[in-house]
Amino acid sequence: MKNQDKRRETKTRASPMPLKGRNSRGAIKSGQPRTLDAKAQKTERIEIRTTPSMKALLQRAAGVSHRNVTDFLLEAGINAAEETLIDRRLFRLDDARWRAFLDSLDAPVTVKPRLAELLAKKSVLE
């Protein structure tokens, strides 16, 4: 039984961040707090250098959003960080789907002539 539990552990990795403000699939609900706890005391500082025009743009966007620049940048940064990390945080499959996933990874590569033909053509963007 220990080995089975150990295997299951490797298949699921829980997010180090709370799931508060997420739907049942783990996706972030819009307008909900992300990994930030509004009641937690903020003790860390982040400083950035910018051009006057970038600063003006950020101030304008924050004002339109009815927030100060700090809150605006913090939320935008947290959103970007979560989007970057979302696929690396949580991976859950039941035993049958885990086996199917592993089988698909182990399966030999199949030749796809139509895909090869498409990739051989010059792109409209080139």
Side-chain angles (χ1 to χ4, degrees):
M1 193 67 167
K2 279 187 178 180
N3 288 341
Q4 190 175 13
D5 290 341
K6 194 171 189 176
R7 263 187 281 130
R8 184 166 286 131
E9 249 179 50
T10 61
K11 290 186 282 186
T12 62
R13 293 184 185 222
S15 170
M17 298 179 192
L19 294 177
K20 187 176 184 182
R22 295 178 184 274
N23 66 20
S24 61
R25 293 185 322 218
I28 301 165
K29 295 177 186 177
S30 63
Q32 294 293 322
R34 309 288 194 278
T35 57
L36 302 176
D37 183 358
K39 296 176 184 174
Q41 185 178 4
K42 297 174 187 161
T43 59
E44 298 299 315
R45 189 169 182 82
I46 299 172
E47 296 183 35
I48 60 171
R49 293 205 178 274
T50 184
T51 64
S53 62
M54 287 178 181
K55 182 178 179 182
L57 177 64
L58 292 169
Q59 288 172 326
R60 199 166 63 241
V64 169
S65 301
H66 305 289
R67 284 180 272 167
N68 62 40
V69 175
T70 299
D71 291 343
F72 180 81
L73 285 174
L74 193 54
E75 183 175 346
I78 293 297
N79 288 341
E82 286 190 335
E83 286 300 315
T84 300
L85 298 173
I86 199 154
D87 290 335
R88 296 180 178 108
R89 257 195 264 161
L90 184 63
F91 193 76
R92 291 188 182 168
L93 297 172
D94 60 31
D95 288 337
R97 288 184 176 164
W98 179 251
R99 279 189 223 100
F101 174 71
L102 290 179
D103 290 344
S104 67
L105 290 177
D106 294 336
V109 176
T110 56
V111 177
K112 303 202 180 330
R114 291 178 61 199
L115 179 60
E117 181 184 326
L118 178 65
L119 294 174
K121 290 181 181 178
K122 189 173 183 176
S123 168
V124 294
L125 301 174
E126 291 180 306

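Since this is a predicted model, take the numbers as computed values, not measurements.
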side-chain contact (heavy atoms from CB on, under 4.5 Å) evaluation trace for Leu102 with Arg99: CA-CA 5 Å; Leu102 290 179; Arg99 279 189 223 100; 5.7 Å; no
task: Report yes or no: do Ile48 and Val69 belong to one cluster of Ile/Leu/Val/Met/Phe/Trp/Tyr joined by side chain heavy-atom distances under 4.5 Å?
output: yes
message: More than 12 heavy atoms of other residues, nucleotides or ligands under 6.0 Å from CD1 of Ile46: yes or no?
response: no
message: Give me each pair satisfying ring-ring contact (aromatic ring centres under 6.0 Å, His included) with a member in residues 45-75, each pair once, sequence neighbours excluded.
response: none
query: What ring-ring contact (aromatic ring centres under 6.0 Å, His included) pairs are there with at least one residue in residues 101-126, not counting sequence neighbours?
result: Phe91-Phe101, Trp98-Phe101
So, taking the atom named [atom1] in [X] and the one named [atom2] in [Y], what distance separates them when rounded to the nearest 0.5 Å?
{"X": "Asn79", "Y": "Leu74", "atom1": "CG", "atom2": "CG", "result": "9.5 Å"}
{"X": "Arg97", "Y": "Asp103", "atom1": "CZ", "atom2": "CG", "result": "14.5 Å"}
{"X": "Ile78", "Y": "Glu75", "atom1": "CD1", "atom2": "CD", "result": "9.5 Å"}

Give every donor-acceptor pair under 3.5 Å between a side-chain atom in residues 107-119 and any protein atom, sequence neighbours left out.
from: Thr110; atom 1: OG1; to: Lys112; atom 2: NZ; distance (Å): 2.8

message: On a heavy-atom basis, which atom in Thr50 and which in Met54 lie closest, and how many Å separate them?
response: OG1-CB, 2.8 Å
